[in-house]
Amino acid sequence: MNSFRSVAKHPIISLIDSVTTLKELKQIHSQLVLNSLLKNPHLLGQFIATIALNNPDNLDYSNQVLDQCDNPTLFALNSMIRAHSKGSTPQNSFRFYKKILQSNHNLSPDNYTFNFLVRTCAQLSAHGTGLAVHGALIKHGFEHDPHVQSGLIFMYTELGCLSSCHKVFDKIPEPDLVCQTAMVSACSKCGDIGFARELFDVMPMRDHIAWNAMIAGYAQCGQPREALSLFHLMQMEGVWVNEVSMVSVLSACTHLGALDQGRWAHAYIERNKLRMTVTLGTALIDMYAKCGNVNKAMEVFWGMKEKNVYTWTSAMGGLAMNGFGKKCLELFSLMKHDGIHPNEITFVSVLRGCTVAGLVEEGREHFESMGKVYGLEPQLEHYGCMVDLYGRAGHLDEALNFINNMPMKPHSGAWGALLNACRMYKNMKLGELASRKLVELEDKNHCAYVLLSNMYADNKNWEEVSSVREIMKARGLTKLPGCSVIEVGGEVHEFFVGDNSHPRYDEIEMMMAEISKRLRLAGYVADTNPVLFDIEEEEKEDALFKHSEKDCEEPQDLLGLS
DNA sequence: CTAGGGTTAG
């Protein structure tokens, strides 16, 4: 009996798990070769699996080892497909699938092979290939393997193909918990949250992952209240809550602007000693920053031992959103210094930081660097940010020039940013052009009409104002009222413009008057320019005082950056 | 000796 046939890991293989450097790995490799241990195909398979799965983002070495071997086992090849499906080069999975098919040692793909391959297709969003793999696995008879089935549902979810998810799911006579949860997730991610909930409600057994999937579904599809109420139910039913649940809860609080509930969630995490994962920390930072407590967001940020590109991007975006442009850019430098590579979304935060700091030239340089230094292709969002950057700085011609030189068709975001800038700087001519373009792109967009009519109002051109209003009426558009949301004692209150329906409106109005008085005493003077046309001058100032955002200077030494 | 469902930044 060959001792290498035993099921247990060879001690040398176990050693690799603790190896971190390539140098050490090579030493172990040469030891194995010197002792002829790698001639044993099972040990070679274990070796390859271990080094590949430990470094899925750099598979050069395991590729080399495998290529030197002329009779790799199915286990070794499956491990290579698996590692590639998890890493940064999933397309290479297919090389090993071919090796299985072309093997002269009578290998044929098994259920593991297809499970990993399906994940590769999901990772690549490769629709055609996904269909081909689906066909191949049916041909090889693995259609009824539950692991493969849940993998297929996951793949079609990533491909955005809900009807295919249904086709797979409906063919399963008795779908298990995992397939059911995958289907709940598929429906909520592909836009059918109602059916997701129906499925969830009729599940005979629901574990904490099923609950997490349903709560995440609500949080992701813009129904944060439902997410929170389902979380409440989850606690009532005594289901195990973990850090994944809390990420969705925080995300729901963020979308509601519910700082008190967000604080409660933070306290809950600490009280129950949940693991502060990178994802959870990032969700906390995002919640605090977007609910307006940027200092607390940064406190969480600095307290995190491990940070990834999401964490940094989130903190930078939060700083920019709260008006701390320079701090945002300082953080960008620190992030690069820490060896974290920025991605497309990071640059959205960077460009916003430049915009709020008014750093036009620096913004342009960062934009240029995306392609030249980081190999990232600017997307529509980045072009929109650049128009905003030029526009808010008053460089309207450059903003227009930028739009005209975009390599793709300018979207409403670009024209909208220009229109907004035209109003800020009272450029009627350009403003008319921008709003015309905006209406061409989406003729049901209120913003174009409203901004344009406000511009005419600024100019006291009342005839044009009413003509825009007439057009809006003719096209069935009435202005959506602006809405502010505030949360008090766990209850969320909404206020629309001119809305006095709140039960405690009188008290609120008295308090607002008091705040306004103190603001005036403190020297705050309302800027009445960018305000709606149809109210009188004193009324305008009154309306402005009730608006919640006030421009303020960047406070110093607040954010632990200096 | 390998595998499946849930989480974060625009």
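Quick caveat, the model's predicted, so the values are computed rather than measured. Residue numbers begin at 1 in each chain, while the letters A, B, ... track the order of the sequences.
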**Q** Side chain of A/Ser314 only, please: which of B/dA9, B/dT2, B/dG6 is the nearest?
**A**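 My answer, after comparing the listed nucleotides, is B/dA9.
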**Q** Step through the shown structure and confirm whether more than 12 heavy atoms of other residues, nucleotides or ligands are within 6.0 Å of NE2 on A/His140.
**A**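 Yes, NE2 of A/His140 has more than 12 neighbouring heavy atoms, counting only those of other groups under 6.0 Å.
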**Q** Output every pair passing side-chain hydrogen bond (donor to acceptor under 3.5 Å, both in side chains) with a member in residues 164-175 of chain A, not counting sequence neighbours, ordered by first then second residue.
**A**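 For residues 164-175 of chain A: A/Glu143-A/Lys171.
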**Q** What's the closest nucleotide to the side chain of A/Asp145 if the choices are B/dG5, B/dT7, B/dA3?
**A**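 Closest nucleotide to the A/Asp145 side chain: B/dA3.
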**Q** Decide if atom CE of A/Met236 counts as having more than 12 heavy atoms of other residues, nucleotides or ligands within a radius under 6.0 Å.
**A**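 It does not: A/Met236 CE has 12 such atoms or fewer within range.
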**Q** As a test of understanding, state which of A/Leu380, A/Thr355, A/Val350, A/Val348 forms a side-chain contact (heavy atoms from CB on, under 4.5 Å) with A/Cys385.
**A**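 The residue from A/Leu380, A/Thr355, A/Val350, A/Val348 that satisfies side-chain contact (heavy atoms from CB on, under 4.5 Å) with A/Cys385 turns out to be A/Val348.
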**Q** Go through the side-chain N and O atoms of A/Asn420 and A/Asp388 and say whether any donor and acceptor fall under 3.5 Å apart.
**A**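 Not at all, the side chains of A/Asn420 and A/Asp388 share no donor-acceptor pair under 3.5 Å.
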**Q** Could you list the donor-acceptor pairs under 3.5 angstrom formed by side chains in residues 275-287 of chain A, with sequence neighbours left out?
**A**
residue  : atom : partner  : partner atom : Å
A/Thr277 : OG1  : A/Leu280 : N            : 3.2
A/Thr282 : OG1  : A/Val278 : O            : 2.7
A/Thr282 : OG1  : A/Thr311 : OG1          : 3.0
A/Asp286 : OD1  : A/Lys290 : NZ           : 2.9
A/Asp286 : OD2  : A/Lys290 : NZ           : 3.1

**Q** Please determine if a side-chain N or O atom of A/Gln220 lies less than 4.0 Å away from the OP1 or OP2 oxygen of B/dT8.
**A**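 So the side-chain polar atoms of A/Gln220 do come within 4.0 Å of the phosphate oxygens OP1 or OP2 of B/dT8, strictly under.
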**Q** Nearest of B/dG10, B/dA3, B/dT7 to any side-chain atom of A/Asn111?
**A**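 Shortest atom-to-atom distance from the side chain points to B/dA3.
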**Q** Need one value for A/Asn115: base, sugar-phosphate or nothing, where a base atom within 4.0 Å counts as base even if backbone is also close, heavy atoms only.
**A**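 Base contact.
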**Q** For A/Asn322 and A/Ala289, work out which heavy atoms get closest and say how close.
**A**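 It is ND2-O, 3.1 Å.
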**Q** If the cut-off is 4.0 Å, is A/Lys189 near the phosphate of B/dG6, judged by side-chain N/O to OP1 or OP2?
**A**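 Checking A/Lys189 against B/dG6: at least one side-chain N or O falls below 4.0 Å of OP1 or OP2.
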**Q** Using a cut-off of strictly less than 4.0 Å, decide whether A/Arg206 has a side-chain nitrogen or oxygen near OP1 or OP2 of B/dG6.
**A**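 False: A/Arg206 side-chain N/O out of range (4.0 Å or more) of B/dG6 OP1/OP2.
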**Q** Base, sugar-phosphate, or nothing: which does A/Ala216 touch, judged by heavy atoms less than 4.0 Å apart?
**A**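 Sugar-phosphate only.
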**Q** Figure out the CD1/P separation between A/Ile51 and B/dT2, and round it to whole Å.
**A**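 The distance from CD1 of A/Ile51 to P of B/dT2 comes to 18 Å, rounded to the nearest Å.
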**Q** Could you tell me how far apart A/Asp207 (CG) and B/dG4 (C1') are, to the nearest whole angstrom?
**A**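 Between C1' of B/dG4 and CG of A/Asp207: 12 Å.
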**Q** Please give me every residue in residues 341-350 of chain A whose heavy atoms get under 4.0 Å of an atom in DNA chain B, ordered by residue number.
**A**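 Correct list: A/Asn343, A/Ile345, A/Val348.
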**Q** Say you draw a straight line from CG of A/Leu250 to OH of A/Tyr288; how long is it, rounded to the nearest 0.5 Å?
**A**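 OH of A/Tyr288 is found 8.5 Å from CG of A/Leu250.
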**Q** Give A/His208 one of three labels, base, sugar-phosphate or nothing, depending on what nucleic acid heavy atoms sit under 4.0 Å from its own.
**A**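 Base contact.
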**Q** Taking atom NE2 of A/His105 as the centre, does the number of heavy atoms from other residues, nucleotides or ligands within less than 6.0 Å exceed 12?
**A**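 Yes, the 6.0 Å shell around NE2 holds more than 12 heavy atoms from other groups.
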**Q** Any chance CD of A/Glu237 has more than 12 other-residue heavy atoms, nucleotides or ligands included, within less than 6.0 Å?
**A**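 Result for CD/A/Glu237: enclosed.
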**Q** Just checking A/Trp264: does its CH2 atom have more than 12 heavy atoms from other residues, nucleotides or ligands closer to it than 6.0 angstrom?
**A**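 Counting neighbours around CH2 of A/Trp264, more than 12 heavy atoms of other residues, nucleotides or ligands fall under 6.0 Å, so yes.
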**Q** As a test of reading the structure: which of B/dG4, B/dT8, B/dT2 is closest to the side chain of A/Asn78, going by heavy atoms?
**A**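 Nearest to the side-chain atoms of A/Asn78, counting from C-beta on, is B/dT2.
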**Q** At a heavy-atom distance below 4.0 Å, what parts of residues 229-246 of chain A sit against DNA chain B?
**A**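 Output list: A/Asn242, A/Val244.
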**Q** Can you tell me how far C1' of B/dG4 sits from CD of A/Glu143, to the nearest Å?
**A**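 About 17 Å, once rounded to whole Å.
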**Q** How many Å lie between CG on A/Leu280 and P on B/dG6, as a whole number?
**A**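 From A/Leu280 CG to B/dG6 P: 18 Å.
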**Q** Does the A/Ser188 side chain pair with the main chain of A/Val184, one donor and one acceptor, at a distance under 3.5 Å?
**A**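 Such a contact is found between A/Ser188 side chain and A/Val184 backbone.
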**Q** Where along residues 162-183 of chain A does a heavy atom come under 4.0 Å from DNA chain B, residue by residue in number order?
**A**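 Of all residues in residues 162-183 of chain A, the ones placing a heavy atom under 4.0 Å from DNA chain B are A/Asp176, A/Leu177, A/Val178, A/Cys179, A/Thr181.
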**Q** Could you state the NE2-C1' distance from A/His255 to B/dT7, rounded to the nearest angstrom?
**A**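 Those two atoms, NE2 and C1', are 12 Å apart.
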**Q** A/Thr279 has a side chain; which of B/dG4, B/dG10, B/dT8 sits nearest to it?
**A**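 Nearest to the side-chain atoms of A/Thr279, counting from C-beta on, is B/dT8.
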**Q** Please pick, from B/dA3, B/dT7, B/dG5, the nucleotide with the shortest atom-to-atom distance to any side-chain atom of A/Ile209.
**A**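 Nucleotide nearest to A/Ile209's side chain: B/dG5.
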**Q** Please list, chain by chain and in numerical order, all residues satisfying salt bridge (Lys or Arg N to Asp or Glu O under 4.0 Å) with A/Lys86, sequence neighbours excluded.
**A**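 By the salt bridge (Lys or Arg N to Asp or Glu O under 4.0 Å) rule, A/Lys86 matches no residue at all.
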**Q** In whole Å, what is the span from the CD atom of A/Gln149 to the C1' atom of B/dG4?
**A**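 Interatomic distance, CD of A/Gln149 to C1' of B/dG4: 10 Å.
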**Q** In whole Å, I'd like the distance from the CG atom of A/Leu199 to the P atom of B/dG5.
**A**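 Rounded to whole Å, this separation is 18 Å.
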**Q** Give the rounded distance in Å between these two atoms: CE of A/Met155 and C1' of B/dG5.
**A**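 So the CE-C1' distance, A/Met155 to B/dG5, works out to 16 Å.
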**Q** Kindly say if A/Lys290 contacts the phosphate of B/dG10, meaning a side-chain N or O under 4.0 Å from OP1 or OP2.
**A**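 A/Lys290 to B/dG10 OP1/OP2: side-chain N or O found under 4.0 Å.
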